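Have a look at the structure below, then the notes.
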Amino acid sequence: MIVRWETEGLQTVGIVCLVIMFLKLMHLLGLINITETDSSDSDLELSTVRHQPEGLDQLQAQTKFTRKELQSLYRGFKNECPSGLVDEETFKTIYSQFFPQGDATTYAHFLFNAFDIDRNGSIRFEDFVIGLSVLLRGSVTEKLNWAFNLYDINKDGYITKEEMLAIMQSIYDMMGRYTYPCVRDEAPSEHVDKFFQKMDKNRDGVVTIEEFIETCQKDENIMNSMQLFENVI
């Protein structure tokens, strides 16, 4: 896979990459091949799993998926994750398969933490399907809120330049060897400086959720990326 980095719009790569990588993960887990399902999965019960997911009605209320879609998503999830949970090492293994010549470990760590809502070191089916609903069928604001959570590494409600650089560097580490032309070592820092300055409206050294959303909504590349996968399932 070769990725051509455009000079303009490089600052959007993190958000675009977030959506693409999430979909790759869903495909590997068999979660985006929606097929007909029988009634045996209708109540989302599986006696052998360690974690029993929430009821179908509750998940349908929390997401923008139909009942049939949730049944199929769950069937794919339980086939690949019989325990009902995904740990961080599994997450890292999945991403390393997509980028064998790069280092996806750090990016996978950050993305895992964004999904691990209750911070218990594992991701449940509910976490997956709610995140999938946001990224595929959520409003622009919902998607950007999810992306903000990824960049807000310490979950204090602000994005610092250091946090943004950590995320961007992890993406370059994961994809850099596939890029053409080759990415210079100083490129991530330069692009973060440019985009952070654009986002930090009041120059207080941090980016709030309001600043993040306002800036992204004015960026044509980001807005286009938000619409790419709405009809995947």
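These values consider heavy atoms only, across backbone and side chains, with no hydrogens, waters or symmetry-generated copies. In this chain, residues are counted from 1 in sequence order. Quick caveat: nothing in here was measured; it's all calculated off a predicted structure.
- In summary, the side chains of Gln197 and Asp193 do not present any donor paired with an acceptor at a separation below 3.5 Å, with no hydrogens or angles considered.
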Item checked: Verdict with reasoning, Phe195 to Lys161, per side-chain contact (heavy atoms from CB on, under 4.5 Å) -> CA-CA 9 Å; Phe195 201 37; Lys161 186 182 292 187; over 6 Å; no
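- Counting only N and O atoms by type, the side chains of Asn149 and Lys155 include a donor and acceptor under 3.5 Å apart.
- Within 6.0 Å of atom OH in Tyr158, 12 or fewer heavy atoms from other residues, nucleotides or ligands are found, so the atom counts as exposed in its surroundings.
- Ring orientation note: the planes of Phe148 and Phe212 are nearly perpendicular, at an angle over 60° on the 30°/60° scale.
- Note that CG of Leu56 and NZ of Lys68 are 12.0 Å apart. Values are rounded to the nearest 0.5 Å.
- Here the closest non-hydrogen pair linking Val86 and Phe128 is CG2-CE1, 3.4 Å.
- Thr90 and Asp87 form a side-chain donor-acceptor contact under 3.5 Å, judged by distance and modelled atom types alone.
- To the nearest 0.5 angstrom, Leu59 atom CG is 10.0 Å from Ser133 atom OG.
- Using a 4.5 Å heavy-atom cutoff, the side chains of Leu165 and Ile167 are not in contact.
- The heavy-atom pair separating Phe65 from Gln60 by the smallest distance is O-CG, 3.6 Å.
- Salt-bridge check for Lys64 with Glu142: passed, with a basic side-chain N closer than 4.0 Å to an acidic carboxylate O.
- Contact check on Lys194 versus Glu190 returns no salt bridge, with no Lys/Arg side-chain nitrogen under 4.0 Å from an Asp/Glu carboxylate oxygen.
- If you look at Trp146 and Phe115, their ring centroids are closer than 6.0 Å.
- One finds a salt bridge joining Asp127 and Arg124 here, because a Lys/Arg side-chain nitrogen approaches an Asp/Glu carboxylate oxygen to under 4.0 Å.
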Next item on the list: Evaluate the criterion side-chain contact (heavy atoms from CB on, under 4.5 Å) for residue pair Lys201 and Thr215; output intermediate values, then yes/no.
Entry: CA-CA 9 Å; Lys201 305 291 187 182; Thr215 305; 3.6 Å; yes
Check: side-chain contact (heavy atoms from CB on, under 4.5 Å) between Leu70 and Val129: does it pass, once the steps are laid out?
Finding: CA-CA 8 Å; Leu70 285 169; Val129 78; 3.5 Å; yes
